[in-house]
Amino acid sequence: MPKQIEFSVVYVTDEDPKFKANELNNHGPTVKGWQSQKNCDYPQEIIIQLAKRCYLSKIQLLMHQYLIPSKVELFASNEDTNTVVDVNGISWDYLGYVTLSDNQSTGFKSRELKSANVPTTIASFLKLKLSKNHNNTYNIHNQVSLIAINILGIEKEMPRKSSCGDVVELDKLDAILNDPDYVSPYDDLAFDMYVDVEVARIIREMELKKHVAVINERFEYARKLKQAMEQLKEAGGKLGKYELEKRHAIELEDYERASHKKNQMDEFRTGIYQQLNIDQLLEMKGICPKNDEFADETDKQQPLSPSALRIPDGKRSTSPSAPHIYHAPPSPLHKHQSPKTGSPSTGSPTNLQHRNSFRRRNKSAGSIVKSTYEQYEEKPLPTLRQECQMDIEHRAASSKLTEREKKQAALPILVFGAELVEKFYSKHYLDKEEGLNCLKDDLLAYDHTRMHTANKTGRAAIFLLHRALRDKVFSVYNLANEVIRLYFVQYIPGRVSPAEVSRSVDKLLPELLTKSGDTSARIHHMAVHTILTMADCKDVRALHLIPVHLSRPITSSTHPRLALSRAEMVEQLIINQGISTDKQSGLTCRTLSEFGSSGIHHPAEAVRKVAERILVLVYKVNPRLVRKQLPPDDDITRRNLLYRQLFHEFDKIDVERKKELLERNRLIQQCSISTNPDCTSPEPPVQTINKCQSSSNIASTFSYDQNGTERKPGYQLTKSISGGNIVKINMQTTNNGDLTLERHNASSGISTPSNSSQRDEEEKHCIFCGQSEASIFQVSNSMNSHYWRSCPMLVRCRECSQVVEVASLTDHLLMECENRDFYTQCSSCTEAVKVVELQIHALHCSEIAEGCNRCPLCHDNLEDEEFVWKHHLMGDKPCAKSTRTRSLPKQVKIKL
């Protein structure tokens, strides 16, 4: 059996004067450990000499809470300790290394206990090489520290104990002690560092006597030893805490409290020793027959509790709380492969957990020790047993929380009280529903003047809601979702900080996503509804938490129900919130196109269908980015039914865009008819202007004829949200002769009413810039002259002299212009560039931003917002390259 090997530190690279290396030679609650010097050099080395040559089995390292090295390398040597003069001349065999956590996840409040199984090696020396430290705010001097080292192994020469009986008994004991698969839990470093030293020594001695008792078949004696060891372990932990408090009082020079702590420790130690009959169990004077007698456990007194030892008022002071131990998973050393050594043995982790309950024994077996007269008087009479039992059950029912649950729910208990928290921990669903209703009322009636802060109240509420969300009863789950929606919609706005909102979402979102993939439809729909409600909350929406989490690419291994719910929620977010240009929003064209392209490869057909719809929605905004995520559109790709259907939808969108573009340019050309074909004069002649149609009869030209049988649709040009689409308006006359307008969004095909297009028939405005006819006639003789000369939304093509919209100038040069063969589209900025100037243009070309439009005049990126072209061309700071101005010059009239 591997056991602790005694050792001593013989060399360190350097040490802090307050934390010397000899601290590593001892184990106990008051050990401070070793620290390197401030701003020391790396690596730091520690050389340990073992008391006896042994077979190494396991090495345990207890690290500091924030002075943590990034890696520890282990070396061993088998040289004779009597012949070694200089430890620097020892030849070492490399064992491996262990990596250590930076401890940020625990807030630097826990110590990491690293247990490493090492290859079976005979060693007399051990060297530890500590690498550079992990950087953190607490370690300002770049130091490393080691609190304790524990070496487990088997001595090469095991001495026989002459006091253990005959040869057969010794052989059986040797078989137990030499078993390589058994490691005593009382040789573990976690036991040594937090249990009183004297109590630890007694427990180890009892363990040896327990093995001997089992060999001699003294099973009752072995049972008593086992129970005493478990109670001593708990008492040793309390004595260790008292020792820390005593040392802290000494450091504060509070000697009165230190003396009181010393007396308290002595009293508690004496009481527990007498309670457990330690001298009798150890059998210091030989075998004791009383140890083999059966005892009634119900008549035993409870062990002394520290609470029974009261501290006088005024003697209490804040004691240091020792950092908790973080038990890292015991894993083998990382071994660099080399021809000399093989891979290290894996071994199994030591089990440090023990049951606290005793074995239930048959009371009828053996003789029962008679109770004394006082104990007999304290027993309840038979007629009162039932009443006493009811009182005990009532007290047990009133305290539903265990100590562990009280520690977990410390904040909710502080904020809402123990009575409400106990309802959430109850096993009856009615209690949980009552607790949720009480929590709902508390959130609705929150008053910061009489209650805790909003952040603390919200954090406590989220803890309870997260627990209720995992309940299997649907009524509790449904009510928990209702309270969650109330929390985000009514409680958070104006009260909770963004950091706490982020923490609340991070706590609840994983559980809700798991529920969204549930087989039950009502659980699934409830979770999806709650997630979308949270996403629509203003405070949550500003943090972009939910869209970023939902729009991550879907892998083929994702469960179909989870993938489908995520895809449907992303589609709903696009419909509710739209496609954003903010890169942090999670709803950009690039993110959504990547999400859609990953979804169309999912094995589930339902997921692929939703992913297709998402790609179609993104294609209407940014076709180039969507096609970039897909294979090339050729015959080979279209053989795949999936891509064939998707590209067919894209083709229909492209055809609609081309038709809209042609109709828009035809409208502009008809509005700009002039008798001067070369369009060189700045203003058409007066005769031409009089014959041209004004803005009042433009609509009638393209509207239906009341008397005629053939009716043709009319078109009016207005700006859409993207700045690149037009709005088709069917103009019809009613029986009264009034003109009615119906707007159809050309990009989405959804009919929506437009207030901007429903204008009074008498009011005349420019259909492009929106200026009134009265203001236009102050500087122009007609609407046609306004289109040719001063409308800031229009521009003349430099190739064919046609008047087109500024927003469609690029499309005009590529598809409609007479000289379109001389132009090509730049793949980076999407502008129309002459073929001969393409290489020169590429030198200073700037790529268009995602989701933006590019002005063909000043080459600036314009955000995809409503009326963006009107703001750019007619705003306070109009386009610098535009020759037309928004301001109306005053016309000077000279009277003759």
Side-chain angles (χ1 to χ4, degrees), residues 579 589 612-613 615-627 633 638 644-673 693 698-705 710-732 740-754 756-757 767-768 787 793-795 797 799-800 802-821 823-825 830-832 853-854 856 864 866 868-869:
I579 298 176
C589 291
E612 287 181 22
R613 297 200 297 266
L615 287 176
V616 170
L617 291 174
V618 181
Y619 188 83
K620 294 177 181 179
V621 178
N622 197 331
R624 180 176 60 88
L625 197 56
V626 175
R627 288 189 178 272
D633 187 4
R638 286 187 180 251
R644 187 191 312 167
Q645 296 174 351
L646 191 59
F647 285 136
H648 180 66
E649 293 292 331
F650 292 167
D651 292 341
K652 291 197 298 185
I653 296 174
D654 293 338
V655 169
E656 290 178 1
R657 282 181 174 170
K658 290 181 181 178
K659 287 182 180 179
E660 294 164 5
L661 185 61
L662 292 174
E663 293 294 341
R664 179 171 52 184
N665 291 332
R666 185 173 67 84
L667 176 62
I668 296 174
Q669 292 175 10
Q670 291 181 357
C671 292
S672 59
I673 294 175
Q693 300 162 343
I698 287 176
S700 62
T701 302
F702 300 101
S703 63
Y704 298 141
D705 186 8
E710 183 179 359
R711 297 177 180 269
K712 298 181 180 180
Y715 297 90
Q716 183 172 344
L717 196 63
T718 60
K719 288 304 297 173
S720 65
I721 295 177
S722 62
N725 300 327
I726 66 169
V727 177
K728 176 182 175 182
I729 301 176
N730 294 334
M731 293 180 287
Q732 298 178 350
T740 61
L741 306 178
E742 182 182 0
R743 184 170 109 171
H744 299 277
N745 193 331
S747 63
S748 61
I750 302 174
S751 299
T752 57
S754 174
S756 61
S757 62
I767 60 177
F768 301 108
Y787 298 145
M793 302 297 295
L794 304 178
V795 67
C797 175
E799 297 292 338
C800 64
Q802 290 187 13
V803 176
V804 296
E805 273 193 291
V806 177
S808 62
L809 178 59
T810 299
D811 296 334
H812 168 76
L813 290 173
L814 293 174
M815 293 186 293
E816 297 176 348
C817 185
E818 297 175 356
N819 298 329
R820 58 182 177 272
D821 296 335
Y823 282 85
T824 184
Q825 187 174 23
T830 69
E831 290 190 40
N853 300 315
R854 177 62 68 94
D864 192 3
E866 190 177 4
V868 63
W869 286 103

Q: Can you establish whether the number of heavy atoms outside Q645 located under 6.0 Å from its atom CD is more than 12?
A: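 Yes, because the 6.0 Å sphere around CD of Q645 holds more than 12 heavy atoms from other groups.
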Q: Would you indicate whether the side-chain heavy atoms of Y787 and I767 approach each other to under 4.5 Å?
A: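 A side-chain contact exists here, since the closest heavy-atom pair is under 4.5 Å.
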Q: Assign the ring pair Y619 / F650 to parallel, tilted or perpendicular, where the plane angle (0 to 90°) is split at 30° and 60°.
A: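 Rings of Y619 and F650: parallel, as their planes differ by under 30°.
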Q: State, to 0.1 Å, how close L813 and E799 come at their nearest heavy-atom pair, and which atoms those are.
A: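 Nearest pair, atom of L813 first, then E799: CD2-CG, 4.2 Å.
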Q: With sequence neighbours excluded, what pairs up with R638 under the salt bridge (Lys or Arg N to Asp or Glu O under 4.0 Å) test?
A: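 Salt bridge (Lys or Arg N to Asp or Glu O under 4.0 Å) check on R638 returns D633, D651.
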Q: Between V618 and I579, is any pair of side-chain heavy atoms under 4.5 Å apart?
A: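 Yes, their side chains come closer than 4.5 Å.
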Q: Side-chain contact, heavy-atom cut-off 4.5 Å: V804 with L794?
A: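 Counting from C-beta outward, V804 and L794 never come under 4.5 Å.
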Q: Any chance you could measure T810, atom OG1, to R854, atom CZ, to the nearest 0.5 Å?
A: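 Interatomic distance, T810 OG1 to R854 CZ, rounded to 0.5 Å: 9.5 Å.
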Q: If I take atom CG from residue N665 and atom OG from residue S808, how far apart are they, to the nearest 0.5 angstrom?
A: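 Answer for the CG-OG pair, N665 versus S808, is 5.0 Å.
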Q: Salt bridge (Lys or Arg N to Asp or Glu O under 4.0 Å) with K652: which residues, sequence neighbours excluded?
A: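 Counting only residues at least two positions away or on another chain, K652 forms a salt bridge (Lys or Arg N to Asp or Glu O under 4.0 Å) with E649.
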Q: What distance do E816 atom CD and R664 atom CZ have between them, rounded to the nearest 0.5 Å?
A: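 One finds 9.0 Å between CD of E816 and CZ of R664.
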Q: Taking the side chain as everything from C-beta on, heavy atoms only, tell me whether M815 gets closer than 4.5 Å to L662.
A: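 Sidechains of L662 and M815: no contact.
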Q: For the CG atom of L814 and the CD atom of E831, what is their distance to the nearest 0.5 Å?
A: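 So the gap between those two atoms works out to 10.5 Å.
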Q: Could you check whether any side-chain heavy atom of P623 comes within less than 4.5 Å of a side-chain heavy atom of R657, counting everything from C-beta outward?
A: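 Yes - at least one pair of side-chain heavy atoms lies under 4.5 Å apart.
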Q: Are any of the side-chain heavy atoms of H812 and Y823 separated by less than 4.5 Å?
A: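 They are not in contact (no side-chain heavy atoms under 4.5 Å apart), so the answer is no.
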Q: Evaluate the side-chain proximity of T830 to Q825: yes if any heavy-atom separation is below 4.5 Å, no if none is.
A: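 Side chain of Q825 against side chain of T830, heavy atoms only: contact under 4.5 Å found.
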Q: Could you state the interatomic distance from CD (E805) to CG (D811), rounded to the nearest 0.5 Å?
A: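 If we round to the nearest 0.5 Å, E805:CD and D811:CG are 11.0 Å apart.
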Q: Going from CG on N819 to SG on C800, what distance comes out if it is rounded to the nearest 0.5 angstrom?
A: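 If I round to the nearest 0.5 Å, the distance is 7.5 Å.
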Q: Hey, does I653 have a side-chain heavy atom less than 4.5 Å from the side chain of V616?
A: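 When only atoms from C-beta onward are counted, I653 and V616 do touch, with a gap below 4.5 Å.
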